Participant: 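The structure follows.
Worth saying up front: this structure is predicted, and the values here are computed from it rather than measured. In the text below, chain A, chain B and the rest are named by the order of the sequence lines, each starting its count at 1.
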Amino acid sequence: MSKVIVNAQMPLSYDSGQHNLLVFLEQHKQSVSFQCREGFCGACRCKLISGEVRYLQEPLAFVRKGEFLPCCSVPIGDISIEIPK
Amino acid sequence: MAYTTFNRNINDQLKEPMFFGNAVNVSRYDQQKYPIFEKLIEKQLSFFWRPEEIDVSKDRIDFQQLPDHEKHIFLSNLKYQTLLDSVQGRSPNVALLPIVSIPELETWIETWAFSETIHSRSYTHIVRNITAEPHKVFDDIMLNEKILERAQDVTRYYDALIDGVNLYQRCGEGNHNINGNIESITLRELKKRLYLCMMSVNVLEAIRFYVSFACSFAFAERELMEGNAKIIRLIARDEALHLTGTQHILNIMASGDDDPEMAEIARECEEDAYAIFMLAAEQEKDWAAYLFKDGSMIGLNKDILCQYVEYITNSRMQAVGLKPRFATTQNPIPWINTWLVSDNVQVAPQESEISSYLVGQIDNEVDSDEFGDFDL
């Protein structure tokens, strides 16, 4: 179980074995833009404030330092993220 | 500096910049400076599709029953997309291949342009199927003022780059007397033209296509023109990948790791980059006004489409490191996302829903996590 803090709100709990972070965020009614859901378009790009994520498949989209793609990743331990407006 | 199809200089391709280094000699992929381009090629090849695979015969009946103002929306979008893909099917090859210096990027450019030619052929496939007089649709592209206005801004950066590269490769840097006219060119000026050209291509693929995509999917939401929507969906999937390609090129340029001068140029051209984005957004809003001049369609009107243009422009600007300039933060047509999800793209009814089946079917890595949700 890891904690996912979104936009500095109350932490959400993520069970290992759950889907990728994009599905997880959607289940918790967080609106994240998306398109391909496979890591190649980069539409779901979010900021990773602290913690680490593991990619289920290496993204093709351009990802800057401090950013990650929720559509193809899962958290390693607790993370804090920011969904861009 | 003349272009050669097989450069005899023995060079270390890993030390070449993306553009304006030595011309490529051996097309080898055992060593790669930027492996991302090889990955994009593989992904693009896994997306391969042919327009003829998609049945658009029901669209003919739908089209005949559309009211005139919706026929106008549908055909105008097809014409505009035909223009965009006519440009994109040839220009990356003509403009970028003479100056590219690393083999994986060279092959990505060719793969990218090839997939645009599939899009062009698919428009003919659609038009042939919905009307008995396809020539009327295509002939109008060269006469339609609204389309020609856009053609000007879509092509001018490509043309400026091609023109400069021709002069540079023939005569080198400096002032040259060409048929009595003095023309000057520097490598730095060429790099600037290249940067602006990539930015304009990025805008073309990131914003210009999406107004038409939104209309196609709005028809399909009403279960109209669904064959067309299936094709547009495949095109949108390809475009998302091309967009990733140009975003990578732009970001590598701006980082300066590849060519320090390119990073300076990226900083210098920041205002020009904003201007390219803002002008394209304004033109697309004008286009929305032209589409809906005789009436809106259910689920979509001029205002919603303009908000969508602003929303998408903001997000595309952020992707290349620019600040968003519009106030819109919400997607006004969230339903479009379900049409853009690549997993749902189905080429033919007998095939599996996952269309990336051509590569990567087998994953040899099995981690204990995979059994996380197993119950005995």
Side-chain angles (χ1 to χ4, degrees), chain A residues 1-2 6-7 13-27 29-48 52-77 81-85, chain B residues 35-40 42-44 46-47 206 210 236-252 254-255 311-312 314-316 318-321 324 327-331 334 336-345 354-356 360 363 367 369-374:
Chain A
M1 185 95 91
S2 31
V6 182
N7 297 344
S13 48
Y14 178 97
D15 279 325
S16 58
Q18 264 181 311
H19 294 288
N20 60 56
L21 273 161
L22 180 58
V23 175
F24 170 81
L25 291 169
E26 286 169 342
Q27 282 166 350
K29 308 273 178 257
Q30 301 287 331
S31 89
V32 186
S33 48
F34 66 88
Q35 187 169 331
C36 74
R37 304 184 82 100
E38 277 186 7
F40 69 81
C41 78
C44 63
R45 230 180 244 115
C46 289
K47 284 208 175 99
L48 185 60
E52 262 184 87
V53 295
R54 180 172 66 88
Y55 282 110
L56 303 167
Q57 74 217 45
E58 210 42 48
L60 289 185
F62 186 84
V63 186
R64 277 190 195 77
K65 280 199 188 88
E67 291 178 342
F68 77 107
L69 299 183
C71 73
C72 50
S73 62
V74 292
I76 310 177
I81 67 169
E82 194 184 302
I83 301 172
K85 282 266 154 58
Chain B
I36 183 65
F37 296 115
E38 167 86 350
K39 290 183 187 147
L40 290 171
E42 281 173 4
K43 194 77 178 170
Q44 182 69 69
S46 81
F47 285 173
Y210 279 78
R237 182 180 67 173
D238 289 342
E239 292 306 335
L241 193 65
H242 303 165
L243 186 56
T244 291
T246 50
Q247 285 172 354
H248 274 285
I249 295 173
L250 285 166
N251 285 310
I252 293 172
S255 76
Y311 165 78
I312 206 154
N314 275 350
S315 88
R316 304 315 194 191
Q318 283 170 302
V320 292
T328 312
T329 57
Q330 291 290 318
N331 183 353
I336 196 171
N337 286 333
T338 47
W339 290 94
L340 295 170
V341 175
S342 62
D343 235 359
N344 293 347
V345 174
I354 293 166
S355 43
S356 53
D363 185 355
D367 196 274
D369 282 10
E370 323 275 354
F371 302 104
D373 53 359
F374 261 51

Participant: Select, from B:N337, B:I336, B:D373, B:V320, the one with the greatest count of heavy-atom pairs under 4.5 Å involving chain A.
Facilitator: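 Counting heavy-atom pairs under 4.5 Å, the top option is B:N337.
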Participant: Looking at B:D367 and A:R54, is any side-chain nitrogen of the basic one under 4.0 Å from a carboxylate oxygen of the acidic one?
Facilitator: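 Looking at A:R54 and B:D367, the cut-off is not met.
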Participant: Between B:T244 and A:F62, which heavy-atom pair has the shortest distance, and what is it?
Facilitator: CG2-N, 4.4 Å
Participant: Please state whether the side chain, the backbone, both or neither of B:N331 comes within less than 4.5 Å of a heavy atom of chain A.
Facilitator: neither
Participant: What part of B:Y311 is in contact with chain A, defined as an atom under 4.5 angstrom from a non-hydrogen atom: side chain, backbone, both or neither?
Facilitator: side chain
Participant: Using 0.5 Å steps for rounding, measure from the CG atom of B:L340 to the OG atom of A:S33.
Facilitator: 11.5 Å
Participant: Using 0.5 Å steps for rounding, measure from the CG atom of A:L56 to the CG atom of B:D369.
Facilitator: 9.0 Å
Participant: Under a 4.5 Å heavy-atom cutoff, which of B:N251, B:T329, B:I252, B:I36 has the most pairs with chain A?
Facilitator: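 Most heavy-atom pairs under 4.5 Å with chain A: B:N251.
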Participant: Looking only at heavy atoms and a cut-off of under 4.5 Å, which of A:C41, A:G42, A:A43 has the most pairs with chain B?
Facilitator: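 Option with the greatest count: A:C41.
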Participant: Verify the neighbour count for atom CD of A:E52: are there more than 12 heavy atoms of other residues, nucleotides or ligands below 6.0 Å?
Facilitator: no
Participant: So does B:K43 pair up with A:E38, basic N to acidic O under 4.0 Å?
Facilitator: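 Salt bridge between B:K43 and A:E38, a charged N being under 4.0 Å from a carboxylate O: yes.
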Participant: Would you compute the distance between atom CD of B:Q44 and atom CG of A:L60 and round it to the nearest 0.5 angstrom?
Facilitator: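 Reported value, rounded in 0.5 Å steps: 11.0 Å.
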Participant: Where does B:L243 contact chain A at under 4.5 Å (heavy atoms): side chain, backbone, both or neither?
Facilitator: neither
Participant: Which pair of heavy atoms, one from A:R64 and one from B:A319, lies closest together, and at what distance?
Facilitator: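 That closest heavy-atom pairing would be NH2-O, 3.4 Å.
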